[in-house]
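To start, the structure under review is shown below, and the notes come after it.
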Amino acid sequence: MRQISPTLISFHSSSSFSFPCFATTPRLKTQVCFKFHIRSMASHIVGYPRMGPKRELKFALESFWDGKSSAEELQKVAADLRVSIWKQMADAGIKYIPSNTFSYYDHVLDTTAMLGAVPLRYGWSCGEIGFDIYFSMARGNASVPAMEMTKWFDTNYHYIVPELGPDVEFSYASHKAVQEYKEAKALGIDTIPVLVGPVSYLLLSKLAKGVEKSFSLLSLIDKIVPIYKQVVAELKAAGASWIQFDEPTLVMDLDSQKLHAFTHAYKELEPSVSGLNVLIETYFADLPAEAYNTVTALKGVTAIGFDVVRGSKTVDLIKDGFPRGKYLFAGVVDGRNIWANDLNASLSTLQALESVVGKDKLVVSTSCSLLHTAVDLVNETKLDKELKSWLAFAAQKLLEVNALAKALSGQKDEAFFSANAAAQASRRSSPRVANKAVQKATAAVKGSDHRRVTNVGARLAAQQEKLNLPVLPTTTIGSFPQTLGLRKVRREYKANKISEEEYVRAIKEEIKVVVKLQEELGLDVLVHGEPERNDMVEYFGEQLSGFAFTVNGWVQSYGSRCVKPPIIYGDVSRPKAMTVFWSTLAQSMTKHPMKGMLTGPVTILNWSFVRNDQPRFETCYQIALAIKDEVEDLEKAGINVIQIDEAALREGLPLRKSEQAFYLDWAVHSFRITNCAFQDTTQIHTHMCYSNFNDIINSIMDMDADVITIENSRSDEKLLSVFCEGVKYSAGIGPGVYDIHSPRIPTTEEITDRVNKMLAVLESNVLWVNPDCGLKTRKYSEVKPALSNMVAAAKRARVQLASAK
Ligand code: GLN
Ligand code: ZN
């Protein structure tokens, strides 16, 4: 077989090539892009956001799903987005431009479609997979629920989990990768098609229902690689010269058997077999030494991509040895953040790497797909100039990658570099960033421990004396339905269309309704319903200093859903009380205890774009101190129960086991800082989403909250098994008794059943009865009967308990 030379033959590398500029491209731009392409710069982008700068894809998808537009209209929006992204990259001078990084929902689901691995219940038998089957898998349909979704590594992106087993009949069922390659090619842009690599695909899958637990998913490798080979052959026939396989699982703790799967699979896909140059792309963390040795030993592989931002140890491994003749794609531009790159620092890293791998073997890249950052800074109309100069979203990161590649090849754009250096310097010395008092207070908490003096058992007794709650107390997690009217009031207040007085009146009215409803339902510990909050992080960020907010800084979370994380750019402090007004107002409306409702420091941190100029824990401690001030004010104002949500604590857990203990240590410490200095009679609650806590149960106990409410109902009571295994939990605990993510109304019987299951493993005096998350996404027509049944179930269980005595 012919050995393919690793030199990319693309239009960029030839000076005689005339770049097919688009009809809409102005003349000046034509000259610029021509100039960029006279000499090929070694630049590459791992992947790009799909939603569009103003979430065009989101709106097109939702309109299609609602039956308001046709498949063709959706396809047109998608095609336009792809064209504009490819064009943008070509204009920026990127040499290795990715294709097939677009997705209508999720790239792992795209791979499932490519492999024809459709679960039987969707009724697909053969043929090219269309929107019908694809979106049924993603979102469910009238008769079949969706496939499971889970977090993509430690990002806030969620993928659809493949369901596999020995009986899955794989077949090449979606030609999307080839179609997109051809689409770009037709524009004169030769791309690198990107596929989720076969080993990561299997490692990210789960066993289909009914498959023996002992079945090894990796044993399917010989069934899926032949399909990958078909795709590759078709790409080659279409003119591709490279292919990128994303194998991010290489950064995880993999045993030797799993690592061997890479060696086995890539023997079949290497250039001498596939006829294409092969890039294996890794990201999100350092590579463990064994994984590094495995991937660098893959003989035929042309190039390997590493995350150099999160991979400082990988850099050391590279310096210790990198295979001769292979390309190194060095991800120096951060795909997980919104900060402008420190170009001079990156350039010196690149130069050091170049001296190891050789002059023409280094390619400048992003640390991972830019999917995890915001799209384009150009659309930020509300950020000031100085702050903007510190930032780079995906569109700006393209320019950074290219500027670094040019500089590396001796064509440094001095103006670009000096503007960047000036911005870096202004960020380093800005008084907006540094707050000496905050730094001093943070330094003082580090290194020392913070715990409540009295143990939880004694505290609960003191609290019970004050609160006088029944056994199995009932409560909710905080938010009540966010009606259209409510959203309108907030929107109009923000836009100065209604006065503060009118706004306060409307919110107060809403709280009154929510309090009254809870009293009628017979709940024991009430909430004010969070009507004044759009989002549990943004609400606090807007009142803390050191935070900035974007208008269009959306990042895809799953499907058409996006989040807009705040930007933490400076030392965090709390100028004034944030929730006391609403909480005391709500408390004044009832004799029942009213929960103060705060978002915890770890969750605020994990759901924001955080500073990269200090360690994460430093920022977390600062937020913790600000929240502590708020707890203090709430206590002083007579609020006896305070919930500090840590919905995202589990999310921040580092990918590698060796780093988890350190994270858990400072995260849990930060939580304790918020509430350790208060009276025993002040009852601290916390709430967490997701149920996969069994591995961190000790850290959860170490948070030392008085009561924890936790998700449980979607996971077949996985959580409870930890208590069956003998973990002694003596604080209050409320594993959610029903799933608020579903519109289904649970019956009293099934809730009673759940409560009884919990009582089998937990003492009755620690158990609380509550839904598994906030109710803001539900309708009142669902919430009222569901809570009514929940309270009835608690009452029924109380009677059973009393008669059993
Ligand atoms: N208190 C918040 C609410 O009820 C908690 C939300 C969450 O856990 N994600 O909405
Ligand atoms: Zn929750």
Side-chain angles (χ1 to χ4, degrees), residues 149 151 156 158 474-483 486-487 490 507 510-511 514-515 517-518 523 525-541 557-558 561 563-566 578-579 582-583 586 594-608 627 630-631 634 639 641-652 671 674-675 683-693 700 703 705 707-715 719 733-742 768 770-780 782-783 786-787 790:
M149 176 170 80
K151 276 164 63 64
N156 196 19
H158 299 71
T474 52
T475 192
T476 61
I477 307 304
S479 56
F480 266 70
Q482 294 250 339
T483 56
L486 203 50
R487 286 177 209 272
R490 277 204 311 264
I507 299 292
E510 183 71 24
I511 294 176
V514 169
V515 170
L517 173 64
Q518 293 174 88
L523 284 149
V525 175
L526 311 195
V527 296
H528 77 291
E530 305 178 24
E532 78 290 15
R533 303 182 191 180
N534 41 355
D535 173 283
M536 63 189 288
V537 171
E538 189 164 289
Y539 180 75
F540 290 93
S557 173
Y558 67 91
R561 296 287 277 267
V563 293
K564 192 156 66 66
M578 304 182 283
T579 63
W582 297 118
S583 284
M594 172 61 61
K595 275 198 273 192
M597 193 60 62
L598 307 175
T599 302
V602 188
T603 298
I604 294 183
L605 182 90
N606 284 340
W607 284 349
S608 299
I627 299 296
E630 188 69 15
V631 175
L634 282 170
I639 303 295
V641 183
I642 302 170
Q643 178 171 312
I644 306 166
D645 288 326
E646 283 296 15
L649 187 128
R650 180 74 169 68
E651 279 188 39
F671 177 81
T674 63
N675 63 76
Q683 186 166 76
I684 301 294
H685 288 220
T686 189
H687 165 72
M688 298 188 173
C689 303
Y690 293 100
S691 53
N692 210 352
F693 284 119
I700 291 180
M703 289 167 79
V707 179
I708 175 165
T709 56
I710 207 157
E711 204 241 71
N712 168 62
S713 48
R714 261 190 308 177
S715 49
L719 170 78
I733 181 163
V737 294
Y738 78 88
D739 177 11
I740 65 91
H741 304 87
S742 154
W768 284 64
N770 46 263
D772 70 352
C773 198
L775 304 167
K776 63 175 163 244
T777 53
R778 296 265 66 91
K779 301 189 182 91
Y780 272 106
E782 295 153 357
V783 163
L787 289 181
M790 185 186 89

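First listed ligand is number 1; within each ligand, the first listed atom is number 1. In this text the structure is predicted, and so the values were computed from the model without any measurement.
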Under 4.0 Å from one or more heavy atoms of Met597, ligand 1 contributes atoms 1 (N)
Check: Asp772 side chain, Ile740 main-chain N or O, donor-acceptor pair, under 3.5 Å: yes
Could you pull out, from Gly529, Gly478, Cys689, the option with a heavy atom nearest to atom 9 (N) of ligand 1? Cys689
Nearest protein heavy-atom contact for atom 1 (N) of ligand 1: which residue, which atom, what distance? Asp645 OD2, 2.7 Å
Donor-acceptor check, side chain of Arg490 to backbone of Pro531, threshold 3.5 angstrom: yes or no? yes
Taking the side chain as every heavy atom from C-beta outward, state whether Arg533 and Lys776 have any pair of such atoms under 4.5 Å apart. no
Expected output: side-chain Asp739 to main-chain His741 donor-acceptor under 3.5 Å: yes
In terms of residue, atom name and distance, what is the protein heavy atom nearest to atom 6 (C) of ligand 1? Met536 SD, 3.4 Å
Taking 4.0 angstrom as the limit and counting only heavy atoms of Lys776, give me the atoms of ligand 1 inside it, by number and element. 10 (O)
Quick check: does any side chain N or O of Gln482 sit under 3.5 Å from a backbone N or O of Asn534, one acting as donor and the other as acceptor? no
Just jot down the ligand 1 atoms closer than 4.0 angstrom to any heavy atom of Cys773, in number order. 7 (C), 8 (O), 9 (N)
Hey, is His687 touching ligand 1 through its side chain, its backbone, both or neither, going by heavy atoms under 4.0 Å? side chain
Which residue and heavy atom of the protein sit nearest atom 10 (O) of ligand 1, plus the separation: Ser479 OG, 2.7 Å
Considering both backbone and side-chain atoms of Trp607, is one of its nitrogen or oxygen atoms within less than 3.5 Å of a nitrogen or oxygen in ligand 1? no
Using distance alone, decide if ligand 1 has a nitrogen or oxygen within less than 3.5 Å of any nitrogen or oxygen in Ile477. yes
Just so I know, are the side chains of Ile507 and Leu486 near enough to count as touching, which here means a heavy-atom distance under 4.5 Å? yes
Using a 3.5 Å distance criterion without hydrogens, assess whether the side chain of Glu651 forms a donor-acceptor pair with backbone atoms of Thr603. no
Output, in order, the C-alpha distance, side-chain angles, deciding distance and verdict of side chain to side chain contact (heavy atoms under 4.5 Å, CB included) for Gln518 and Thr476. CA-CA 9 Å; Gln518 293 174 88; Thr476 61; 4.2 Å; yes
Atoms of ligand 1 less than 4.0 Å from Gly774 heavy atoms? 3 (C), 4 (O), 10 (O)
